[in-house]
Number of protein chains: 2
Amino acid sequence: MARKLIENPNECPITHSMNIIGNKWTSIIVYMLANRKLRFGELAIRIDKISRKVLANQLKEMELRGIVIRESYAEIPPRVEYSLTEKGERLLPILNQLCAWSKDIELDMTAEKTN
Amino acid sequence: MARKLIENPNECPITHSMNIIGNKWTSIIVYMLANRKLRFGELAIRIDKISRKVLANQLKEMELRGIVIRESYAEIPPRVEYSLTEKGERLLPILNQLCAWSKDIELDMTAEKTN
DNA sequence: CATATTAGTTACCTTTTGGTTACTACTTTC
DNA sequence: GAAAGTAGTAACCAAAAGGTAACTAATATG
């Protein structure tokens, strides 16, 4: 059930980066949290099609990695708020560049993929 | 066998970026081809542990996306050389920033992952 | 006493991604 | 005539990632 997240510190830095952000949701969560705090449920609603299970797992992993902060209030019903750390914020301009870059790949994307 | 690579142009740009580089090998291949041309076999040797099948598939996809150029020579035995397009090269500085960013995430990575 | 509300968790399943092994075609060299 | 050398491809598998649906705890409200 719980898989260890043991990372090799001598690992290739680009591999390491991809381990962090190279999945379907992490960078979208970072974008969603840009300049604001959101509750778990708000994130689940705003991020189209993410499942709560995966959202919970991603947030946990991102917290471990020091990208988000989780603040939990002892209220009923519970309230948990997520926001970016400074590290999370430093990711934003890089993601912006990536977006800009990917946008000017114009191509005939009806082609095949054979992975 | 062949899955269509039909991309939605109105797709969230960060999702689009992740579709391009968010996998185990694409950005490593980009790094390997920085400032040089390499043959298929050289890439397979230099990129530790990649399988030839996946390397061939990635290169094909990257060619479609306009990131690499494939030059094939009608010799025996065959010679095929890969190099970066200008677009591929424009990815390099962004990947460098990503590496720099990921390096200063220092953490106790013996923690758990429950994805 | 039933219902609503929130932030998850659990068990189970499907899809996607990547890996392994064996094979091909063509020519040169031994 | 056999072996070497290159750039793949095909069939088959294993692992990882992500999705679905049902469920929980705790209190307030009607």
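Quick note on labels: first sequence line is chain A, next is B, and so on, each numbered from 1. These numbers come from the heavy atoms of this one structure, side chains and all, not from hydrogens, waters or symmetry mates.
C:dC12 atom P lies 13 Å from atom NZ of A:K53, rounded to whole Å. One atom, CD of B:E75, and another, C1' of C:dT28, lie 13 Å apart when rounded to the nearest Å. We find that CH2 of A:W25 is positioned 9 Å from P of D:dG18, with the value rounded to whole Å. If you measure from atom NZ of A:K49 to atom P of C:dT15, you get 16 Å, rounded to the nearest angstrom. When rounded to the nearest whole Å, the span between CG of B:N19 and P of D:dA17 equals 16 Å. Look at CD1 on A:I29: it is 14 Å from C1' on D:dA17, rounded to the nearest Å. Nucleotide D:dA11 holds its P atom 14 Å from the CG atom of B:N57, rounded to whole Å. D:dT20 atom P lies 11 Å from atom CD1 of A:I50, rounded to whole Å.
A residue-by-residue look at A:I76 and A:N23 shows that A:N23 has its nearest nucleotide of DNA chain D further toward the 5' end.
Distances shown here put a side-chain N or O of B:Q58 below 4.0 Å from the OP1 or OP2 atom of C:dG18. Regarding contacts with the backbone of D:dG8, a side-chain N or O of B:R70 is found under 4.0 angstrom from either OP1 or OP2.
Residue B:F40 has its side chain nearest to D:dA7 when only C:dG18, D:dA7, C:dT6 are considered.
B:R52 comes within 4.0 angstrom of a nucleotide base, judged by non-hydrogen atoms across all strands. When heavy atoms are screened at a 4.0 angstrom cut-off, B:Y82 is found touching the sugar-phosphate backbone but no base atom.
Under a 3.5 Å cut-off, the side chain of A:T85 and the backbone N or O of A:G66 do form a donor-acceptor pair.
Between the side chain of B:K24 and the base of C:dG18, no donor-acceptor pair under 3.5 Å is found.
Scanning both residues, A:D48 and A:W25, for their nearest heavy atoms gives O-CH2, 3.5 Å. Annotation for B:Q97 and A:I94: closest pair O-CD1, 3.6 Å, computed over non-hydrogen atoms.
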Inset, instruction - Would you sort out whether B:I20 and B:I67 count as a side-chain contact (heavy atoms from CB on, under 4.5 Å), showing the intermediate values? - result: CA-CA 10 Å; B:I20 301 173; B:I67 298 172; 3.7 Å; yes
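For the side chain to side chain contact (heavy atoms under 4.5 Å, CB included) criterion with B:I14, the lone passing option out of A:T26, A:L95, A:I21, A:V30 is A:L95.
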